[in-house]
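Chain A is the first sequence line, chain B the second, and so forth, proteins listed ahead of strands; every chain is numbered from 1. When reading the values below, keep in mind they use all heavy atoms of this one structure, side chains included, and skip hydrogens, waters and symmetry mates.
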2 protein chains.
Amino acid sequence: MPVPERLGFHLKRAEQALNAAKNAALRPAGLTVPQYAALLHLAQSPGISAAALARACGVTPPTMNTVLKNLQEQGLIERTPHEWHKNILETRLTAKGAQVMATADANAVRVERGLAGAFSDEERETLIALLARCVEQLEGARSA
Amino acid sequence: MPVPERLGFHLKRAEQALNAAKNAALRPAGLTVPQYAALLHLAQSPGISAAALARACGVTPPTMNTVLKNLQEQGLIERTPHEWHKNILETRLTAKGAQVMATADANAVRVERGLAGAFSDEERETLIALLARCVEQLEGARSA
DNA sequence: GTACGATAGTTAGAGTTCTAATGCGTGTCA
DNA sequence: TGACACGCATTAGAACTCTAACTATCGTAC
């Protein structure tokens, strides 16, 4: 099967280009793409557990653990024990984390807007629908 | 900007699902996705240099170096000095490598066919065109 | 009241990926 | 012929990612 006929090839290329662009946009803020993703979900759901955050970001718990460890070393987040459920660590942005997040988000949104600007509303919806179909098929085949 | 409106989110999800599916398909052969990608291009261009292989796979030379090192340790490839250009190492599949590649490719193609089967010819072309537009926009903005 | 299942968190190990920097070899150009 | 630019290969360091395995805690079911 020739490479250019493989949908996976094109999907991978697009995701790599996106990653490269986001990485460049986030570098000034000192964040990596996964770090930014974690902070983004964290800003919208303060106090979320690491496992829930991992699910939201689509990674495994050990992966999120590494990301959070790096963020904590930079002083961007803090993790405190849950009030009564002692096995849960509540994760929250620090003031510094919220500030870094704000500037990083501005740059990330700029990339997203630039990308979105390359399509009409209809094309954008089509692309999202087709990508959703990819996910559906791939995850369906996984369990079958 | 809400997460579900971000094209990047959907792109990432689709690529993750693809990667998970391919990884599961390649596990029986003992290969990772990048290793398979390298072997695939290597099978089509025997004797290619590591740098050229890196470009074909869309990764940096040090990354390809790591992948090749692992493949070499498994005895799937061999690297010999170039005939007259002494700073180039020609990379080739070993017999064992070609055999592993054959079985792995069968599984990988099965995933690709399954994914392709979720779309009509027209949809497939639309998806590829839209993804190409993503790459174009993202790489264009990068240099601007 | 105890045992079990589900969930959260973590550690260990292997692999991929990047940037930055270095050394080597070839070819070109003055 | 000598200097410089270019490309290949490699090393070092940091970060992300996975699977596998383990521990701890809570809630429930017997």
Quiz item: What's the CZ-P distance between B/Arg27 and C/dG15, to the nearest Å?
Solution: 12 Å

Practice problem: Of all the heavy-atom pairs spanning B/Leu53 and B/His41, show the shortest one and how long it is. | Solution: CD1-CB, 3.6 Å

Exercise. Please determine if a side-chain N or O atom of B/Thr63 lies less than 4.0 Å away from the OP1 or OP2 oxygen of C/dT16.
Key: no

Practice problem: Answer yes or no: does a side-chain N or O of B/Thr32 lie under 4.0 Å from OP1 or OP2 of C/dG15? | Solution: no

Quiz item: Roughly how many Å is it from CD in B/Gln16 to P in C/dT16, rounded to a whole number?
Solution: 18 Å

Quiz prompt | Comparing A/Pro61 and B/Pro62 on DNA chain C - which has the more 5′ nearest nucleotide | solution = A/Pro61

Quiz item: Base, sugar-phosphate, or nothing: which does B/Thr66 touch, judged by heavy atoms less than 4.0 Å apart?
Solution: base

Quiz prompt | Rounded distance in Å - CG (B/Asn23) to P (C/dT16) | solution = 10 Å

Exercise. Find which nucleotide of DNA chain C each of B/Val67 and A/Ser49 is nearest to by heavy atoms, and output the residue with the more 5' nucleotide.
Key: A/Ser49

Quiz item: Starting at CG of A/Leu89 and ending at C1' of C/dT10, how long is that distance when rounded to a whole Å?
Solution: 10 Å

Quiz item: Rounded to whole angstrom units, what separation is found between the NZ atom of B/Lys69 and the P atom of D/dA9?
Solution: 15 Å

Quiz item: Looking at CE of B/Met1 and CZ of A/Arg113, how far apart are the two atoms once the value is rounded to the nearest 0.5 Å?
Solution: 5.0 Å

Self-check item: Under 4.0 angstrom between B/Asn70 side-chain N/O and C/dT16 OP1 or OP2
Solution: yes

Quiz item: Any side-chain N or O of B/Thr60 under 4.0 Å from OP1/OP2 of C/dC18?
Solution: yes

Quiz item: Separation of B/Asn65 atom CG from D/dA12 atom C1', in whole Å?
Solution: 12 Å

Practice problem: Output the single nucleotide from C/dG15, C/dA8, D/dT17 whose closest atom is nearest the side chain of B/Gln35. | Solution: C/dG15

Exercise. Please indicate whether B/Glu73 has more than 12 foreign heavy atoms, meaning atoms of other residues, nucleotides or ligands, lying under 6.0 Å from its CD.
Key: yes

Quiz item: How close or far is atom P of C/dT10 from atom CD1 of A/Ile88, stated in whole angstroms?
Solution: 12 Å

Quiz item: Taking all non-hydrogen atoms of both residues, which atom of A/Pro2 and which atom of A/Arg6 are closest, and how far apart?
Solution: O-CG, 3.5 Å

Quiz item: Atom CG of A/Asn87 to atom P of C/dT7: distance rounded to whole Å?
Solution: 13 Å

Quiz item: Mapping B/Arg55 and A/Val33 to their closest nucleotides on DNA chain D, which lands nearer the 5' end?
Solution: B/Arg55

Quiz item: What closest approach, in Å, do A/Pro4 and A/His10 show between heavy atoms, and which atom pair accounts for it?
Solution: O-NE2, 2.8 Å

Exercise. Verify the contact: side-chain N or O of A/Arg79 to OP1 or OP2 of C/dA8, cut-off strictly under 4.0 Å; return yes or no.
Key: no

